[in-house]
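Heads up: the structure comes next, in structure tokens.
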Amino acid sequence: MSGPRVRFAPSPTGYFHVGSARTSLFNWLFARRHGGTFILRIEDTDTERNREEWVEGILSAMAWLGMDPDEGPYRQSERAGRYAAALDALWEGGHLYACECTRAQVEDRTRGNQTPGYDGYCRDRGLGREGRALRFRVPDEGATVVSDLVRGEVRFPHAAMEDFVVAKSSGQPLFVLANVVDDRDMAISHVIRGEDLLPSAPKGILLWRALDAVGVSAGGAGAVAGAGAGADRAGGPPEHPLPAFAHLPMLVNERRQKLSKRRDPVAVEMYRDQGFLPEAFRNYLALLGWSPPGGAEKVDVGTLIGAFRLEEVHHAPAFFDVQKLTHLNGEYLRELPLDRFVAACRPWVAPRAGEWAPASGGPPWPPERFDDATFAAIAPMVQERVATLGEVPGMVDFLFLEDPALDEASWAKAVGGDPEAGGILQAAAAAYRTCEWSPEALHRVTGELAEAAGRRLAKAQAPIRVAVTGRSVGPPLFESLFLLGRDEVLRRIGAALRRLGHQAPEATAG
RNA sequence: GGCCCCAUCGUCUAGAGGCCAAGGACACCACCCUCUCAAGGUGGAGACACGGGUUCGAAUCCCGUUGGGGCUGCCA
């Protein structure tokens, strides 16, 4: 077993964030590129904020994007013994001290200080650890250097680092501690994560070295099952070589700020609901902070894997541009073979019980009115007009709704505001009653009645479209009329004429 | 405030000292195609933050300024 070992370590405190998805993708790409191992670790030490349903969400979103982990999910909540052992050893080795200061006390004491953060008040008070927070004793002198594959060497002077807390007064380990213990136990070779974690990297390194110094090794009863990480360590050189770091640029909103769960649309689940294809979404994510060589942007996953290099990752934050994502999704949609496009539409047009369907709700028509053959016939024309699958129902609803909603603005413009609309509708009704029922014949006779009315077909079709579909835009008209059927088309034109105040054609004719 | 990161069209980016009077993509505008809307085609507008160096030569290297961002929790 060789190759790098990387991990994606989300904490389940909400929907799956697009930034997390990008981090996960870059880890996954890196592992695949180098024949390594992609590990999923759930960082759920904060019992207050974690919920099991969010774990499910992470798992299903990752599966949707095709990033199945090779190992895991491991859960920090199941590894408490490892953290306790590390804490004990660190305490014995003198790297930790107990602290009973409250936040308010620290603030009072340090107000006006040049270097903020904890002032080391409890450092030499010799407090017992029971019931107290534990702080790591940061060296006074020197600096810790983080070797970063994307940023180079980043130097953090110890003088500017506070003695950080590694365990709560309840004994619960905190992020840096658990994170480092896990990375050691799981023999992580590359830590690839968001740039927001760069300032905590030197803390992790300090802890890592302290753990080495006090002889905490991986393996043993509490180590990771099946990871193969801690086995047979006897006599090897450094037991725990420090992992390489790679801090990825942030994903930001239009205000250039880190994407926020509150303000920004960041839930991957939401994009799935809207009808983005996983291939397209993954492709777009790969373009944020990196670009495949050769300038191509729409690239398949194999190409992504073959070309991915951490060293080429950008340094500057990237804006998550839904418009560009949408365009790319449209390209993926359009290149789908028709049968696959139709299949991809199913959750939005005819969801099956027991299968995934968008949480936003089902199609606007009653299921029994949906017809597979009709949908398959209109599908090619829908395929080149939508950029997301979620737009599909709105484009074909007039075919499956008894009485499609009438868009008042369209009506006002194309029918109410057109003095000749009534005449055109009557002419259409007359022609459609007897003509051959095919898209071609409908096209022809409508062209003829347009000519008779002295206007271009483009202008003549507008009132007919609004009368029949309720809107001024939609799939090509004559195919739509054909699929709706003669009786239904005549009924809707008749209804529109009555709305206009005209006599229904049946009455005039009869 | 302190520490750290960053800086090419509005956006995502190509660019690793001369091939750049800076290329592509999204968005935008115009035209073409056209039964609406799309899709597609053609064309257009649009950037190396600023100031110093280094060099025969800098978008590319160095320093500074400015601007933006991240972190600064007994969250992760």
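In what follows, chains are A, B, ... by sequence order, proteins preceding strands, each numbered from 1.
The same atom, C1', is picked in B:C75 and in B:C12; the two are 32 Å apart, to the nearest Å. Using P as the reference atom, B:G40 and B:A76 are 47 Å apart when rounded to the nearest Å. Here, B:C9 and B:C4 have their P atoms 27 Å apart, quoted to the whole Å. Separating the C1' atom of B:C28 from that of B:U11 is a span of 12 Å, rounded to the nearest Å. Comparing the P positions of B:G17 and B:A58 gives an interatomic distance of 14 Å, to the nearest angstrom. Using atom P as the reference point in both B:C32 and B:A38, the two lie 16 Å apart (nearest Å). B:U65 and B:C26 are spaced 33 Å apart, taking the C1' atom of each and rounding to whole Å. As rounded to the nearest Å, B:A39 and B:A30 have P atoms that lie 15 Å from one another.
A:R151 is linked by a side chain to side chain contact (heavy atoms under 4.5 Å, CB included) to A:D148, A:V154, A:E195, A:L198, A:H247, A:P249, A:H315, counting only residues two or more places apart in sequence or in another chain.
In terms of phosphate contacts, A:H314 brings a side-chain nitrogen or oxygen within less than 4.0 Å of OP1 or OP2 of B:A14. For the OP1/OP2 pair of B:C75 and a distance below 4.0 Å, the side-chain nitrogens and oxygens of A:K168 include at least one atom meeting the criterion. Between A:R465 and B:C35, a side-chain N or O to OP1/OP2 separation shorter than 4.0 Å is absent. Close to B:C35, at under 4.0 Å from its OP1 or OP2, lies no side-chain N or O of A:T446.
If you check every strand for non-hydrogen atoms under 4.0 Å, A:A458 touches sugar and phosphate atoms only. The residue A:G330 sits apart from the nucleic acid: no heavy atom pair falls under 4.0 Å. Contact annotation for A:E297: base contact, defined as any heavy-atom pair under 4.0 Å involving a base atom. Residue contacts shown for A:P475 include a base, since a base heavy atom lies under 4.0 Å away. Nucleic acid contact class of A:T45 (heavy atoms, under 4.0 Å, all strands): sugar-phosphate only. Counting any heavy atom pair closer than 4.0 Å across all strands shown, A:R132 reaches no nucleic acid atom. Heavy atoms of A:A133 sit under 4.0 angstrom from at least one base atom. Using a 4.0 Å heavy-atom distance criterion, A:G474 is classed as a base contact. Nucleic acid contact for A:S169: base, since at least one base atom lies under 4.0 Å from a heavy atom of the residue. Residue A:F156 is classed as a sugar-phosphate contact, given heavy-atom separations below 4.0 Å to backbone atoms only. Note on A:R103: only backbone sugar-phosphate atoms sit closer than 4.0 angstrom, heavy atoms only; bases stay farther off. No contact: A:E312 has no heavy atom under 4.0 Å from any strand.
Remark: side-chain polar atoms of A:Q426 are not paired, donor with acceptor, to backbone N or O of A:G423 under 3.5 angstrom. A donor-acceptor pair under 3.5 Å is absent between the side-chain atoms of A:R75 and the main chain of A:T45, judged by distance alone. A donor-acceptor pair under 3.5 Å is absent between the side-chain atoms of A:N329 and the main chain of A:L325, judged by distance alone.
Side-chain atoms of A:R49 come within donor-acceptor range of the base of B:C75, with a qualifying N/O pair under 3.5 Å. One cannot find a donor-acceptor pair under 3.5 Å joining the base of B:U34 and the side-chain atoms of A:R456.
Protein atom CD of A:E479 is 16 Å distant from nucleotide atom P of B:C37, rounded to whole Å. For the pair A:E254 CD and B:C12 C1', the interatomic distance rounds to 15 Å; values are reported in whole Å. The distance between atom CD of A:E162 and atom C1' of B:G73, rounded to the nearest whole Å, is 9 Å. At whole-Å resolution of the value, CG in A:L325 and P in B:U11 are 18 Å apart. Atom-to-atom, CZ of A:R135 to C1' of B:G73 comes out at 10 Å; the value is rounded to the nearest Å. Taking atom NE2 on A:H158 and atom P on B:U72, their separation rounds to 20 Å, with Å as the unit. Atoms CG (A:L287) and C1' (B:U11) sit 12 Å apart, rounded to a whole Å. If you take NZ of A:K413 and P of B:U36, they are 12 Å apart, rounded to a whole angstrom.
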**Message:** Each nucleotide in nucleotides 59-70 of chain B should get exactly one letter: B, S or -. Can you fill that in based on protein heavy atoms under 4.0 Å?
**Reply:** ---------SSS

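Cation-pi check for A:R109 over A:Y121 is met; the charged atom lies under 6.0 angstrom from the ring centroid and within 45 degrees of its normal. The cationic group of A:R135 lies under 6.0 Å from the six-membered ring centre of A:Y118 and within 45° of the ring axis, placing it in a cation-pi geometry.
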**Prompt:** A:E391 and A:T388: side chain to side chain donor-acceptor pair (under 3.5 Å), yes or no, with the steps?
**Reply:** CA-CA 6 Å; A:E391 298 167 47; A:T388 60; 2.9 Å; yes

**Message:** A:R492 vs A:E488, test: salt bridge (charged side-chain N to carboxylate O under 4.0 Å, His left out). Steps then yes/no.
**Reply:** CA-CA 6 Å; A:R492 291 186 187 184; A:E488 185 60 14; 2.7 Å; yes

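A 3.5 Å limit on both hydrogen-bonding distances identifies no Watson-Crick or G-U partner for B:G57. As the counterpart of B:C31, B:G41 is assigned, both hydrogen-bonding distances of the Watson-Crick or G-U wobble pattern falling under 3.5 Å. Judged by Watson-Crick or G-U wobble contacts below 3.5 Å, the nucleotide B:G51 has B:C63 as its partner. Pairing of B:C26, defined by two Watson-Crick or G-U wobble distances under 3.5 Å, is identified with B:G10. Within the shown strands, B:U72 is the pairing partner of B:G1 under the Watson-Crick or G-U definition, both distances less than 3.5 Å. Using N1 to N3 plus N6-O4 or O6-N4 for Watson-Crick, or N1-O2 and O6-N3 for G-U wobble, each under 3.5 Å, B:C19 pairs with nothing.
The only option from A:D46, A:D182, A:D44, A:N179 that meets the side chain to side chain donor-acceptor pair (under 3.5 Å) definition with A:Q76 turns out to be A:D182.
The side chain of A:P157 lies closest to B:C3, out of B:C3, B:C74, B:A27. If you check B:C74, B:A25, B:U13 against the side chain of A:K324, the one that comes closest is B:A25. Closest contact between the side chain of A:R334 and the listed nucleotides B:C35, B:A39, B:C5 involves B:A39.
Ring geometry for A:F164 versus A:F136: interplanar angle under 30°, hence parallel rather than tilted (30 to 60°).
Taking for each of A:R155 and A:C99 the nucleotide of RNA chain B with the nearest heavy atom, the 5'-most of the two is the partner of A:R155. Nucleotides of RNA chain B nearest to A:F319 and A:H443 differ in position, and the one nearer the 5' end is that of A:F319.
Counting only residues at least two apart or on different chains, no side-chain hydrogen bond (donor to acceptor under 3.5 Å, both in side chains) pair has a member in residues 15-24 of chain A.
Taking the six-membered ring for Trp and the full ring otherwise, A:Y271 and A:F320 have centroids separated by under 6.0 Å.
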